[in-house]
Structures are given as C-alpha cells and as structure tokens.
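Lettering follows sequence order; numbering is per chain, from 1. Values reported hereafter were calculated over all heavy atoms of this structure, with side chains retained and with hydrogens, waters and symmetry mates removed.
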2 protein chains.
Amino acid sequence: MIIRIEPESEVPIYMQLTNQIIEGIAKGAIHPGDALPSVRTLAADLGINMHTVNKSYHELEKKGIIEIVPKSGAVIKGHSHIEQSSYNRIYNMLKPQIAEGMVLGMTKDEILNLVEEIVNEIKKT
Amino acid sequence: MIIRIEPESEVPIYMQLTNQIIEGIAKGAIHPGDALPSVRTLAADLGINMHTVNKSYHELEKKGIIEIVPKSGAVIKGHSHIEQSSYNRIYNMLKPQIAEGMVLGMTKDEILNLVEEIVNEIKKT
DNA sequence: AAATTTGTTATATATTTTATAGAACAAAAG
DNA sequence: CTTTTGTTCTATAAAATATATAACAAATTT
C-alpha cells in the first residue's frame, strides 16, 4: 500500500497518514487481521517522526479502526455493523460539510450523487 | 438566529462560528442579501474576541459564502449553481469521512440514508 | 459637519497543537 | 540472548488559536 505525505499541506501529517490508512482499508488494500508496520518502520519509510506515526495509530484506535496491543503491534479490526458512538461522530463530522454544499447551491440529489460517486471511487480497484 | 459557542470544545471557536453561520443560511434562518452583524457587535454578543469573528468571516468569504465590503459589512451571497472549485473542495472534505464510515461497517445505502437524513434535518425549520 | 461605527492593520501575549529529536524502559518476538 | 516492540519522558521549535489594545481611514449615522 502506497502512502504519500505532503509536508507542505495544510492538513497535519498525522491526519494525512490516518486518512490514507483508512482509505487503504476501505478500498481493500489492507484487510482486517493485517498488522500495520511498526511505528519506527513506517516513520523511516515515510521520512517522518516516530511520534507522528504513533499519534496517527492512536487516532485510529480512538476511532475503533485498529487495536493496539502493547509491546506487540497494531492490528486492523473487522466490523460487522457500525456502533452508535461511531455513527454519531460521523454524523457530526458530515453535517457542516453537507450544509456548506447546500449553501453553495447543491441540491439534495447533487449531494447524494456526490456521496455515491465517492463511495464508488473508494471501492473501485 | 441563535449561535452557541462552546469554549471547551476541541473545535476551534472560529470554526464553530463559521459552521453555525453556514447552517443558519442552509436552514433559512438568514438569507442571501442579509448583512451579518459587525465583527465587534457579534464578538460582544458571543463573548469572544473581535479578531476571532473576523477570522470566521474571512473563512466564509474564502468559501464563497459571503462578500465582505471593506468599511461596510458582510453580506450573504446567493448561489444558483455550485462552482467547480467549491465542488472539489467539498469532495475532498467528504472523502475521508465516507471512507471512515465504510471501514466502520456502513454500507453504501446506510451512508446515503445518513446523508439524506442530515439534509432533511438541516432543511426542516 | 460632527460623531459614531465600520473593517483593517499592527503589536503583544499566552496557550495549544503539531512535529521533531533523543533517550530509556520493560515486554514481546526472533 | 539479541532485537524489536510500544511506551514514556524530556526538550525544542514552529504554527495555530485566542485574547487584548491601539490606531487608522472610510463609511454611516446623527
């Protein structure tokens, strides 16, 4: 799985990494049960600091996406059905952005089409 | 229009304000052509700093939602159809969150239903 | 015309966030 | 036993966030 970090982005490095790992899981590049690289290894590969990778992994753990076993490693969790707390979190993250789309002139159908397009784009390949 | 700022939130104050103004426009509490309060007035009303309100207004301007007339005021713009640059920005903001929903076990239909629910919730009074 | 209000600009301070660096630890894995 | 693991700690630096105060010229109001 290829990860690209843009140091000059306005998006913090740990968040770029978090998002790209999430998308990697979503599109099946990595699967539940797989172990993520050690924080030292991944940091060296990406040319970033160990603690930055560590922060990203703990973000993923807080989101319920991976499980960190102390002194062992980080493993991708499987999910049959979304939990209520995760659902609420996603609801609150999506709301401002959907409102922004509406204000800027998008109809409900245009928003739904965009979302469907994104889902398809993530799934393909 | 009622705005509530939570100083202890992990979401920056200027962003809370930006989002609530956007949602206010989306649900019709304020309309295109309306002028926003002066930065000093709103800051006093909310008990926050003038520069924080100013930053929020310039965020709204960057998003293409309001127009700031120097020495005059901020006016809400109308939108017939979304511009490509705004569309791309919303696309990039939505993508990581939709991927997160997928990883946490949401199906395409569950995601589309959630988005439709949010649109309806914003539209209703 | 005078006074007030406007957004803007500037300086200053403080806290939090982000990112890196290096070191040390105990536990797990080889 | 050696290496690797995540964790913890200290330290530094830059950027983001938030507040405070002051001053300016232009616009608005009185």
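- Side-chain N/O atoms of B:Asn88 and B:Gln84 include a donor and acceptor closer than 3.5 Å.
- Screening B:Lys63, B:Lys62, B:Lys55 for a side-chain contact (heavy atoms from CB on, under 4.5 Å) involving B:Thr18 leaves a single residue, B:Lys63.
- Within residues 45-53 of chain B, the residues having any heavy atom closer than 4.0 Å to DNA chain D are, in order of number, B:Ile48, B:Asn49, B:Met50, B:His51, B:Thr52.
- Within residues 58-78 of chain B, the residues having any heavy atom closer than 4.0 Å to DNA chain D are, in order of number, B:Lys71.
- Put simply, the side chain of A:His58 never gets that close to the backbone of A:Ile68: no donor and acceptor are under 3.5 Å apart.
- Using modelled atom types, one finds no donor on one side chain facing an acceptor on the other under 3.5 Å when comparing A:Lys95 with B:Asn19.
- Listed in residue order, the members of residues 10-20 of chain A having a heavy atom less than 4.0 Å from DNA chain C are A:Pro12, A:Ile13, A:Tyr14.
- With values rounded to the nearest 0.5 angstrom, B:Leu17 atom CG is found 14.0 Å from B:Arg4 atom CZ.
- A donor-acceptor contact shorter than 3.5 Å is absent between the side chain of A:His81 and the backbone of B:Met106.
- Between B:Ser38 and the phosphate of C:dT5, there is no side-chain N or O to OP1/OP2 separation shorter than 4.0 Å.
- Between A:Gly105 and A:Glu110, the shortest heavy-atom distance links the atoms O-OE1, 3.6 Å.
- Remark: side-chain polar atoms of A:Asp34 are paired, donor with acceptor, to backbone N or O of A:His31 under 3.5 angstrom.
- At distances below 3.5 Å, not a single donor-acceptor pair connects side-chain atoms of A:Glu67 with backbone N or O atoms of A:Glu61.
- No salt bridge links A:Lys27 with A:Glu121; every basic N to acidic carboxylate O contact stays at or beyond 4.0 Å.
- A single hydrophobic cluster is seen to contain both A:Val119 and A:Leu114, as judged by linkage of ILVMFWY side chains at heavy-atom distances under 4.5 Å, directly or through other members.
- Rounded to whole Å, the distance from CZ on B:Arg40 to P on D:dC24 is 14 Å.
- Listed pair B:Lys55 / D:dA18 fails the phosphate criterion, with no side-chain N or O lying under 4.0 Å from OP1 or OP2.
- As rounded to whole Å, 10 Å separates atom P of D:dA15 from atom CD of A:Glu8.
- Between B:Asn54 and C:dT8 there is a side-chain polar atom (N or O) within less than 4.0 angstrom of OP1 or OP2.
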